[in-house]
Amino acid sequence: MVIAERNRAAADRLTSAHVEPPSFVRPEAPLGLVACGYLDALLQGDQRRAMEVIREAIEASTPVKDIYAHVLHPCQYEVGRLWQLRQLSIAEEHYCTAVTQMTLSQLYPLVFNADRAGRRLVATAVDGNLHELGARFVADFFEMAGWDTFYLGASTPAQDAIDEAVHRAADVLAVSAALDEHLARVGDLVAAARADERCRDIVVLVGGQPFGVDHDLWRQLGADGSSPTAEGSVRVAEQLLAAPR
């Protein structure tokens, strides 16, 4: 109850503050008050309260998928937006990201789906991309959908990512780019996969902030598809695998 009251107070602070629109965290959105409470705790440097907000949501029987989609994902995007607006320092952005990584670790036992889909995913951040959380969100949503996932983390060289996808007999290779400066390496990875005969049956998905701005960018880089959300990536992958190739 105390956490819920704090969440409402956090929402009032966020909506009354002068923040450049549009914000990714809005009180009227699904689980919006929870997201406001979590974000406020991050911005206040209160790791314990941030994790209490999530714990209370779990105890209220909120599905872990909804916590990912409506709390952690938009809050992480908002942290990135505030950093781009120079309202957060690099150190503050790193702190917020580290807390969310710890939160994901606490939630991870709830991610596994007993019903297996018989599909495999390899997910990674492209070489040079040290912001690994986007790829982690994607891998966890695929895991919740019953896929076997292999998450490689940050800044994986293209050939290593391709070799791992082949080694794991992956159906999908998902590659994350956080900034525009990473796009050339995404293009190089896609081109290398296309030139590798071993990858002819592997679907290559790309995602990250640049692809949310330019929704046709994935076509220009030669990928098979993209989605603005980690959860949507699962649907895109399933549709592509079901279609004749």
**OP:** Could you go through the side chain to side chain contact (heavy atoms under 4.5 Å, CB included) check for Cys199 and Val166 one step at a time?
**Re:** CA-CA 7 Å; Cys199 297; Val166 172; 4.0 Å; yes
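- Closest approach of Ala161 to Thr156, counting heavy atoms only: N-CG2, 3.9 Å.
- Side-chain atoms of Gln101 and Thr97 form no donor-acceptor pair, as typed in the model, at a separation below 3.5 Å.
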**OP:** Test salt bridge (charged side-chain N to carboxylate O under 4.0 Å, His left out) on Arg55 and Glu59 and set out the steps.
**Re:** CA-CA 6 Å; Arg55 178 180 53 77; Glu59 290 176 350; 3.2 Å; yes
Subject >> Derivation of the side chain to side chain contact (heavy atoms under 4.5 Å, CB included) call for Asp46 and Asp40 >> reply: CA-CA 9 Å; Asp46 193 337; Asp40 184 68; over 6 Å; no
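- With hydrogens and angles ignored, the 3.5 Å screen pairs no side-chain donor or acceptor of Tyr38 with any backbone N or O of Cys75.
- Side-chain contact check for Pro228 versus Phe211: every heavy-atom pair is 4.5 Å or farther apart.
- In summary, Asp216 and Arg219 engage in a salt bridge, as defined by a charged side-chain N under 4.0 Å from a carboxylate O.
- Put simply, the side chain of Leu82 does not reach to within 4.5 Å of the side chain of Phe24, judged on heavy atoms.
- In this structure, the side chains of Ile202 and Val172 stay at 4.5 Å or more apart for every pair of heavy atoms.
- Of all the heavy atoms in Val236 and Ser227, the pair that sits closest is CG2-CB, 4.0 Å.
- Within the 3.5 Å criterion, the main-chain N or O of Gly146 finds no donor-acceptor partner in the side chain of Asp115.
- One finds the CD atom of Gln44 at 10.0 Å from the CG atom of Leu39 (value rounded to the nearest 0.5 Å).
- Looking at Glu132 and Tyr151, their side chains do bring a donor and an acceptor atom within 3.5 Å of each other.
- Residues Lys65 and Tyr68 fail the side-chain proximity criterion, which asks for heavy atoms closer than 4.5 Å.
- Residue Cys36 holds its SG atom at 8.5 Å from CD of Glu28, rounded to the nearest 0.5 Å.
- Taking 4.5 Å as the limit, some side-chain heavy atom of Leu241 sits within range of a side-chain heavy atom of Arg119.
- Note that the CG atom of Leu133 and the CG atom of Leu72 stand 8.5 Å from one another [nearest 0.5 Å].
- A salt bridge does not link Asp148 to Arg168: none of the charged nitrogens lies less than 4.0 Å from a carboxylate oxygen.
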**OP:** Assess whether side chain to side chain contact (heavy atoms under 4.5 Å, CB included) is satisfied between Asp160 and Asp127, documenting all intermediate values.
**Re:** CA-CA 10 Å; Asp160 290 282; Asp127 193 11; over 6 Å; no
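- Atoms CZ and CZ, from Arg198 and Arg200 in turn, are 12.0 Å apart once rounded to the nearest 0.5 Å.
- Residues that satisfy the salt bridge (Lys or Arg N to Asp or Glu O under 4.0 Å) test with Asp66, not counting sequence neighbours, are absent from this structure.
- For His182 (side chain) and Leu179 (main-chain N/O), a donor-acceptor pair under 3.5 Å exists by modelled atom type.
- Looking at Arg194 and Asp224, a side-chain N of the basic residue comes within less than 4.0 Å of a carboxylate O on the acidic one, giving a salt bridge.
- No donor-acceptor pair under 3.5 Å is formed between the side chain of Thr124 and the backbone N or O of Val126.
- With a 4.5 Å cut-off on side-chain heavy atoms, Met51 and Gln47 count as touching.
- Of all heavy-atom pairs between Ala135 and Ala125, the closest is CB-N, 4.0 Å.
- Between Leu173 and Leu205 there is no side-chain heavy-atom pair separated by less than 4.5 Å.
- Between the side chain of Asp171 and the backbone N or O of Arg120, at least one donor-acceptor pair lies under 3.5 Å.
- For the pair Thr62 (side chain) and Ala57 (backbone), a donor-acceptor distance under 3.5 Å is present.
- With rounding to the nearest 0.5 Å, the separation of CD in Glu93 from CZ in Arg81 is 14.0 Å.
- A salt bridge between Glu78 and Arg26 is absent, with no side-chain N of the basic residue lying under 4.0 Å from a carboxylate O of the acidic one.
- Residues Glu143 and Thr149 share a closest heavy-atom pair of OE1-OG1, 2.6 Å.
- No continuous path of ILVMFWY side-chain contacts below 4.5 Å connects Trp83 to Leu130, so the two sit in separate hydrophobic clusters.
- Checking side-chain atoms of Arg116 against main-chain N and O of Trp147 turns up a donor-acceptor pair under 3.5 Å.
- Residues Leu217 and Pro210 come closest through the heavy atom pair CD2-O, 3.9 Å.
- Expressed to the nearest 0.5 Å, how far OG of Ser176 lies from CZ of Phe137 amounts to 11.0 Å.
- Ring to ring, Tyr77 and His73 are close: their centroids are under 6.0 angstrom apart.
- The closest donor-acceptor contact from the side chain of Glu56 to the backbone of Val53 lies at 3.5 Å or more, if one exists at all.
- Among all heavy-atom pairs drawn from Ala193 and Val204, the shortest one is CB-CG2, 4.3 Å.
- At least one side-chain heavy atom of Asp214 sits under 4.5 Å from a side-chain heavy atom of Gln220.
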Subject >> Check against side chain to side chain contact (heavy atoms under 4.5 Å, CB included), Leu189 and Arg185 >> reply: CA-CA 6 Å; Leu189 187 152; Arg185 291 184 178 177; over 6 Å; no
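- For the pair Arg136 and Tyr108, the distance from NZ or CZ to the six-membered ring centre is under 6.0 Å and the angle to the ring normal is within 45 degrees.
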